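The analysis underlying the following values was restricted to heavy atoms, covering all of them including side chains, and did not include hydrogens, waters or symmetry mates. For reference, positions follow the sequence shown, starting with 1. In this text, all values refer to a predicted model and were calculated from it rather than measured experimentally.
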Amino acid sequence: MRKPARTPLARSKRSELNVIDYTLAKRAILRDAQVGLQSYNDLCDAHPELVRAAKHVGEPTRVDCPVCSQDKLVLLTYVYGDSLKTENGRLWSLDTGLRMAAAYPDACCYVVEVCRRCNWNHLREAFTARRAATG
């Protein structure tokens, strides 16, 4: 009996996508708040619909909120693209969002982290399909 082929660890959906990581922007914003250049009230301004989604359908993480440290962050995944028609702008699981971004060339998957306690929110990552090089 043949064993099923193993998928290399690097061949996840993330490896098939262009990734924009917003970690440096997050660090800069938090640093500005720590030195008093930005108010913590300005940081914790999540839209009520974003907070509601985080409370009911967000994917919990093990990461503490960088602002209040009193709750774990929750991830929300939104996918936008003209070819998605009625599915455009909807909330998806992270796996589904990554698959959609890989499948639709004009789609972009946005991952937002939210604290349900203090309303901190920040764009964490964005994913788009890789384009084949044309020459």
Nearest-0.5 Å distance that lies between atom [atom1] in [X] and atom [atom2] in [Y]:
{"X": "D71", "Y": "D64", "atom1": "CG", "atom2": "CG", "result": "8.5 Å"}
{"X": "H56", "Y": "L91", "atom1": "NE2", "atom2": "CG", "result": "12.0 Å"}
{"X": "S93", "Y": "M100", "atom1": "OG", "atom2": "CE", "result": "10.0 Å"}
{"X": "R117", "Y": "C44", "atom1": "CZ", "atom2": "SG", "result": "12.0 Å"}

Are the side chain of [X] and the backbone of [Y] linked by a donor-acceptor contact shorter than 3.5 Å?
{"X": "D82", "Y": "D106", "value": "no"}
{"X": "N121", "Y": "V114", "value": "no"}
{"X": "T61", "Y": "L73", "value": "yes"}

For C115 and V67, what are the C-alpha separation, side-chain angles and deciding distance, and is it a side-chain contact (heavy atoms from CB on, under 4.5 Å)? CA-CA 9 Å; C115 176; V67 177; over 6 Å; no
Hydrophobic cluster identity match, [X] and [Y], side-chain contacts under 4.5 Å:
{"X": "I29", "Y": "L123", "result": "no"}
{"X": "Y110", "Y": "V57", "result": "yes"}
{"X": "V63", "Y": "W120", "result": "yes"}

Are side-chain heavy atoms of [X] and [Y] found at a separation under 4.5 Å?
{"X": "R124", "Y": "V112", "result": "no"}
{"X": "R116", "Y": "V74", "result": "yes"}
{"X": "C65", "Y": "K72", "result": "no"}
{"X": "L76", "Y": "L50", "result": "yes"}
{"X": "R27", "Y": "L30", "result": "no"}

So, for [X] and [Y], which heavy atoms are closest and what is the spacing to 0.1 Å?
{"X": "Y78", "Y": "G89", "value": "CD2-O, 3.7 Å"}
{"X": "P105", "Y": "A103", "value": "CD-O, 3.6 Å"}
{"X": "L98", "Y": "C109", "value": "N-SG, 4.1 Å"}
{"X": "T77", "Y": "G97", "value": "CG2-CA, 4.1 Å"}
{"X": "K26", "Y": "P66", "value": "CE-CG, 4.0 Å"}
{"X": "A101", "Y": "L17", "value": "C-CD2, 3.7 Å"}

Pairs in or reaching into residues 29-43: which pass side-chain hydrogen bond (donor to acceptor under 3.5 Å, both in side chains), with residues at least two apart or in two chains? none
Just jot down the side chain to side chain donor-acceptor pair (under 3.5 Å) partners of K55, sequence neighbours excluded, or say none. none
Starting from the C-alpha separation in whole Å, work towards a yes-or-no answer on side-chain contact (heavy atoms from CB on, under 4.5 Å) for V79 and E87. CA-CA 8 Å; V79 181; E87 307 298 327; over 6 Å; no
T96, D95, L94 screened by side chain to side chain contact (heavy atoms under 4.5 Å, CB included) with W92, the one that passes: T96
